[in-house]
Amino acid sequence: MIHVDPAMTDEEFLRLFEKGIHGQWGSDQIDWGQIDGISPEKKQALGQLVTPVYLGEQTAMLGVSSVLPMILTTGHAEPALYLASMGLDEARHFRNLNHLYRVLEVEPLPSRRLPEMWRYHARLLQKHDPVQWVFGILISDLFAKTFYGGFAARFPDTVVGRLSRRTLQDEARHQAFSDRYLNRMLPTMDAEAKKELLVLRDDLFRIMEKLGGRLRGAMEVLEWSPEEFLTELWDDTERWVKRLGLVERVEAAD
Ligand SMILES: [Fe+2]
Ligand SMILES: [Fe+2]
């Protein structure tokens with residue numbers, strides 16, 4: 001139920017919303033001409049490796065627009081406000097990658113070469129529960145973070161590195177949102193619902209392992225490996241799962 005005049009007392013989400021507003025930026029803040037030093041072979045590899053992130057940014061737009069009405073119609077105006085700013089972030093990320101492909105003059109992988117990304121997308125869409133969605137968005141943000149972090153480290157003084165670093169600042173706010181939202185909601189959930197979050201995590205990781213295998217060749221061009229990528233992402237995800245108390249709470253409730 002939407003309130004005409006909500007009290008707006010949840011300072012944590014309101015502060016995050018203000019940060020979201022002040023953190024906005026446009027494509028004019030990126031020097032798109034900085035492509036020196038990226039060899040044609042590396043450009044091709046980037047074209048392949050950016051593909052899952054590119055689709056992921058669109059999945060993130062869908063995620064935000066699915067979860068926003070669920071949260072707003074249950075009377076939680078403050079987190080819904082924040083999500084509106086997050087939707088603009090994801091739209092910017094999507095637009096920037098679209099432009100990056102033109103600048104690098106390479107193509108993303110065709111869909112048929114990355115069926116796992118569609119499986120990943122479909123797995124997230126299965127759920128109509130806002131907590132499942134936010135948890136899926138968190139894992140997707142960590143997935144994007146691992147890619148952008150890898151690009152930033154490998155191409156520090158180019159458009160790829162600068163764009164990645166700038167995007168990572170937005171992703172950090174998204175993680176702060178997931179942290180606050182999940183911390184509020186987890187205590188209200190039963191053990192079964194919490195276990196479902198871990199099932200979602202495991203399903204997404206199984207899909208990402210297959211995806212990693214397909215991207216191995218391109219990763220090797222950038223002196224990267226699917227194992228290195230997945231270990232970093234898994235460790236990051238586990239830190240969150242523990243920090244949210246998800247593992248302990250599930251075990252304690254058994
Ligand atoms: Fe994003
Ligand atoms: Fe994000």
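On a predicted model such as this, the values are computed, not experimentally measured, just so you know. Side chains are part of it too, since the values below use all heavy atoms of this structure and drop only hydrogens, waters and symmetry mates. Order of appearance sets the numbers: ligands from 1, and atoms from 1 within every ligand.
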message: Are M117 and L230 linked, directly or through intermediate hydrophobic residues, by side-chain heavy-atom contacts shorter than 4.5 Å (ILVMFWY only)?
response: yes

- request: Examine Y54 together with Y101 and report whether their ring centres are nearer than 6.0 Å.
  value: yes

query: For Q29, does the CD atom have more than 12 heavy-atom neighbours from other residues, nucleotides or ligands under 6.0 Å away?
result: yes

- prompt: In the shown structure, where waters are left out, how many protein N, O or S atoms lie under 2.8 Å from the Fe ion (ligand 2)?
  reply: 4

message: Main chain of I207, side chain of Y120: is a donor-acceptor contact present, judged purely on distance under 3.5 Å?
response: no

query: L46 and I30: same hydrophobic cluster, using ILVMFWY side-chain contacts below 4.5 Å?
result: yes

task: Output all residues satisfying salt bridge (charged side-chain N to carboxylate O under 4.0 Å, His left out) with E238, sequence neighbours left out; order by chain, then residue number.
output: R201

